[in-house]
**Q** 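Got a structure here, written out as structure tokens. Questions coming.
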Amino acid sequence: MEVRNSNRDDRETTDFVRAIVREDLQAGKNGGRVATRFPPEPNGYLHIGHAKSICLNFGIAREYGGTCNLRFDDTNPAKEEVEYVEAIKEDVRWLGFDWGDGLYFASDYFERLYGYAVQLIRLGKAYVDSLTAEEIRAYRGTLTEPGKESPYRNRSVEENLDLFTRMRAGEFEDGSHVLRARIDMASANLNMRDPTLYRIRRMAHHRTGDKWCIYPMYDFAHSLSDSLEGITHSICTLEFEDHRPLYDWFQETLKVERRSRQIEFARLNLNYTVMSKRKLLELVQEGLVRGWDDPRMPTICGLRRRGYTPESIRNFCERIGVARRDNVMDVALLEHSLREDLNLRAPRVMCVLRPLRLIIDNYPEGRVEELQAVNNPEDPSAGTRPVPFSRELYIEQEDFLENPPKKFFRLAPGRTVRLRYGYLVTCTNAVKNDKGEVTEVHCSYDPDSLSGEAGGPRAKATLHWVSAAHSLPAEVRLYDRLFMSENPGEGKEDFKADLNPDSLKVLQSCRMEPSLAGAQPGGRYQFERLGYFCVDPDSCPGSLVFNRTVTLRDQWAKIVRGGAL
RNA sequence: UGGGGCGUCGUCAAGCGGUAAGACACAGGUCUUUGGAACCUGCAUUCGAAGGUUCGAAUCCUUCCGCCCCAGCCA
């Protein structure tokens with residue numbers, strides 16, 4: 001089907017990063033080339049915050065005829081795993097981006113980076129330090145006091161070369177030596193106080209195996225990897241701003257052919273969730289969620305399993321903008337982007353989450369009619385489908401109230417409502433069990449009120465339903481926000497104290513209209529009047545499982561919440 | 001008490017000396033066989049504060065206040 005354009009204004013996207021790219025282009029920099037990169041560390045799964053960066057980097061490349069590489073920043077074997085690189089690739093692809101042949105790993109540059117390090121030593125700009133980690137920390141000084149130079153700072157080039165060669169050869173223990181840049185221990189910018197370039201880590205790397213026992217640090221590897229790839233605009237988040245002088249120092253000192261410009265923007269924050277890899281990992285490891293792809297997680301795979309579409313996430317990322325001030329986006333905007341997309345493409349079906357038997361006393365026993373239901377009112381080409389109607393149906397428990405409050409206009413004793421695509425029914429009485437719970441509702445129907453007859457009788461409310469004998473059983477998982485507070489853990493020792501105990505409700509006795517018999521995992525539907533749902537990978541024919549992606553906007557729920565009853 | 005950033009509606013965010021875009025949220029309303037969708041209306045005399053420059057300032061200057069980041073052999 002044709003997806004209508006979103007109502008977003010079509011002005012040229014004009015965030016400050018794109019403005020810089022345009023200026024550089026106009027100034028004739030980089031030979032008119034635009035090259036960006038998305039540089040994840042394969043130590044966890046991607047989340048919605050990464051999506052912002054992905055959309056920015058790949059988006060700019062696309063808009064300015066440039067390229068965007070996918071480069072894994074895998075310089076720390078202690079934390080990285082192949083499992084993550086595959087998952088990250090899948091997520092970027094799913095979001096709709098293509099890195100072409102621009103797939104790289106910082107580990108592919110280890111030999112060249114080593115060469116750069118040797119060059120720095122020859123330039124007298126790097127030295128092997130033999131202080132312990134604790135000593136280095138002590139020598140670094142504090143935010144307000146300058147650091148002290150290491151006693152090893154003035155080793156000769158020859159000695160440094162010899163030591164560094166032996167570090168690589170595996171002659172030393174972890175932590176016994178590091179290679180440091182020789183910059184300025186008194187700098188007000190701590191990153192410039194002789195930052196560590198290489199550390200010894202006798203540990204297998206997920207790609208280079210046992211080839212190396214020394215590994216480069218982020219600042220060194222990142223700056224030079226960008227240069228090696230000819231990246232023109234190296235976009236990263238705000239916390240790296242203080243690193244920019246160092247980023248530039250490497251490229252200047254080594255007089256690299258291709259210089260790149262680092263630009264920092266504010267990372268995305270979302271209310272009612274956490275975004276740090278450490279916290280997400282904690283939720284997974286402690287079994288507080290079912291895994292990285294738990295539909296309650298803000299991870300890309302979690303959102304995917306939840307039923308989000310790549311389009312809705314991309315639209316969200318365009319709408320939130322790119323700036324330098326700290327921000328906390330309202331999840332409502334993410335959900336708005338989702339509904340906007342799903343409304344246009346999700347086929348409608350009728351499903352009853354909490355069944356209440358409804359019997360039409362004056363409807364012939366054994367009779368079955370095939371009513372025609374519209375598949376998608378937003379898309380006439382989606383056509384219609386038959387839905388069986390009979391004497392015994394199920395309706396939603398919450399659609400019947402014995403003593404309805406003023407603003408409730410669904411079914412109640414004596415009330416008439418329309419059954420979607422069917423007839424008008426009037427409630428004659430309700431049957432209750434010993435506990436006083438309504439177990440069955442009896443109605444009479446008006447044979448001349450079939451849906452579709454122009455000018456036919458009307459009712460104040462329309463209910464969704466399912467024919468008891470024809471309906472399919474299914475499990476439906478209802479998700480709510482993972483955390484109860486906007487900023488989990490704020491003012492608390494443990495962010496997990498804010499976990500929402502009701503973030504998942506599993507309903508086992510739901511009833512679906514028969515057309516859903518062949519629903520495939522990943523399939524997205526709108527359950528009329530309830531929300532958007534998708535088929536979970538746990539689902540199989542005969543044992544359907546749905547996830548609630550997001551509810552429909554709901555005026556009634558608002559009234560109930562507002563306590564206006 | 002060091003360095004680097006940032007402060008425009010509840011939340012994002014335009015604006016770049018000429019008199020406060022837009023989105024979400026919220027509140028009303030129209031329409032409706034989804035209390036959905038769509039559509040209409042309202043929602044910052046004011047831009048962290050105070051001074052100053054100017055015919056004119058959210059935009060320039062000064063001072064002050066507030067928030068974020070930095071002391072990994074993490075990224």
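Lettering follows sequence order; numbering is per chain, from 1.
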**Q** Answer yes or no: are there more than 12 heavy-atom neighbours, outside A/R267 itself, under 6.0 Å from its atom CZ?
**A** no

**Q** Using a 4.0 Å heavy-atom cut-off, does A/Q526 contact any base of the nucleic acid, only the sugar-phosphate backbone, or nothing at all?
**A**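 A/Q526: base contact, heavy atoms under 4.0 Å.
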
**Q** Does the pair A/R193/A/D184 count as a salt bridge with the N-to-O cut at 4.0 Å?
**A**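 Looking at A/D184 together with A/R193, the answer is no, because their closest N to O distance does not fall below 4.0 Å.
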
**Q** More than 12 foreign heavy atoms under 6.0 Å from CZ of A/R354: is that the case here?
**A** no

**Q** P atom, B/U63 versus B/C73: distance in rounded Å?
**A** 36 Å

**Q** Tell me the interatomic distance from A/R324, atom CZ, to B/U8, atom P, rounded to whole angstroms.
**A** 15 Å

**Q** Looking only at side-chain N and O atoms, does A/H464 come under 4.0 Å of OP1 or OP2 in B/U34?
**A** no

**Q** Looking across every strand, which nucleic acid part, if any, lies under 4.0 Å from A/K460 by heavy atom: base, sugar-phosphate, or nothing?
**A**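 Contact class for A/K460: none.
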
**Q** Between A/Y247 and A/S260, is a side chain to side chain donor-acceptor pair (under 3.5 Å) present by the stated rule, with each step listed?
**A** CA-CA 9 Å; A/Y247 180 94; A/S260 38; 2.8 Å; yes

**Q** Rounded to whole Å, please give me the gap between CD in A/Q262 and P in B/G5.
**A**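 In whole Å, B/G5 P and A/Q262 CD are 12 Å from each other.
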
**Q** For A/R325, which contact category applies under a 4.0 Å heavy-atom criterion: base, sugar-phosphate, or nothing?
**A**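 Touches a base.
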
**Q** Report the distance from atom CG of A/L552 to atom C1' of B/U32, rounded to the nearest whole Å.
**A**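 These atoms are roughly 14 Å apart.
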
**Q** Given the P atoms of B/C64 and B/G3, what is the spacing between them in whole Å?
**A** 14 Å

**Q** What is the separation between atom CD on A/Q555 and atom C1' on B/C26, rounded to the nearest whole Å?
**A**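 Rounding to the nearest Å, CD of A/Q555 and C1' of B/C26 are 11 Å apart.
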
**Q** Assess the side chains of A/S337 and A/R319: does a donor N or O sit below 3.5 Å from an acceptor N or O?
**A**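 The criterion, which ignores hydrogens and geometry beyond distance, is satisfied for A/R319 and A/S337.
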
**Q** Write down the distance between CD (A/E340) and P (B/A37), rounded to a whole number of angstrom.
**A** 11 Å

**Q** Give me the distance, rounded to whole Å, that separates B/G22 from B/G36 when you measure between the P atoms they each carry.
**A** 25 Å

**Q** Classify the nucleic acid contact of A/F409 as base, sugar-phosphate or nothing, counting any heavy atom under 4.0 Å across all strands shown.
**A** base

**Q** In whole Å, what separates the C1' atom of B/U59 from that of B/G15?
**A**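 These two C1' atoms come out 8 Å apart once rounded.
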
**Q** When the distance from CG of A/L530 to P of B/G36 is rounded to whole Å, what number comes out?
**A**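 So the CG-P distance, A/L530 to B/G36, works out to 13 Å.
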
**Q** Whole Å only: how far is the CE atom of A/M329 from the C1' atom of B/C9?
**A**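 Rounded to whole Å, this separation is 14 Å.
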
**Q** Answer with yes or no whether A/E486 presents, from its side chain, a donor or acceptor under 3.5 Å of a partner atom in the base of B/G10.
**A**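 Side chain to base: no pair below 3.5 Å.
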
**Q** Between A/A461 and A/G321, who's closer to the 5' end of RNA chain B by nearest nucleotide?
**A**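 Result of the comparison: A/G321.
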
**Q** So which nucleotide does B/U62 pair with, by the Watson-Crick or G-U wobble rule with both distances under 3.5 Å?
**A**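 B/U62 is paired, partner B/A50.
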
**Q** Assign a letter to each nucleotide of nucleotides 70-75 of chain B from its 5' end: B, base within under 4.0 Å of a protein heavy atom; S, sugar-phosphate only; -, no contact.
**A** BBSBBB

**Q** When you compare B/G48 with B/G2, how far apart are their C1' atoms, in angstrom units rounded to a whole number?
**A** 24 Å

**Q** Which of these nucleotides, B/U1, B/G15, B/A37, is closest to any side-chain atom of A/T14?
**A** B/G15

**Q** Given A/Y215, which of A/Y114, A/F220, A/F110 fulfils the ring pair (Phe, Tyr, Trp, His ring centres under 6.0 Å) condition?
**A** A/F110

**Q** Looking only at side chains, do A/T299 and A/H47 share a donor and an acceptor under 3.5 Å apart?
**A**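 No donor-acceptor contact under 3.5 Å links the two side chains.
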
**Q** Checking base pairs now: Watson-Crick or wobble, both atom distances under 3.5 Å. What partners B/C26?
**A**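 Paired with B/C26, as far as the under-3.5 Å criterion goes, is B/G42.
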
**Q** Answer with base, sugar-phosphate or nothing: what part of the nucleic acid does A/R553 contact at a heavy-atom distance below 4.0 Å?
**A**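 Contact class for A/R553: sugar-phosphate only.
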
**Q** How long is the line joining CG of A/D326 and P of B/G48, in whole Å?
**A**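 It works out to 16 Å between those atoms.
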
**Q** Sort out the partner of B/A71 for me: Watson-Crick or G-U wobble, both distances under 3.5 Å, none otherwise.
**A**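 Across any shown strand, B/A71 pairs with none.
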
**Q** At 4.0 Å (heavy atoms only), tell me whether A/R244 reaches a base, stays on the sugar-phosphate, or touches nothing.
**A** nothing

**Q** Taking atom P in both B/C61 and B/G66, what distance in whole Å separates the two?
**A** 22 Å

**Q** Under 3.5 Å for both donor-acceptor distances, Watson-Crick or wobble: does B/U1 have a partner, and if so which one?
**A** none

**Q** What form does the base of B/G36 take, syn (within 90° of 0) or anti?
**A** anti

**Q** Please classify the nucleic acid contact of A/V331 as base, sugar-phosphate, or nothing, using heavy-atom distances under 4.0 Å.
**A** nothing

**Q** Using the rule side chain to side chain contact (heavy atoms under 4.5 Å, CB included), only one of A/L356, A/L463, A/L358 pairs with A/F400; which is it?
**A** A/L356

**Q** Between A/K558 and A/D554, does at least one N-O distance fall below 4.0 Å, as a salt bridge requires?
**A**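 Looking at A/D554 together with A/K558, the answer is no, because their closest N to O distance does not fall below 4.0 Å.
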
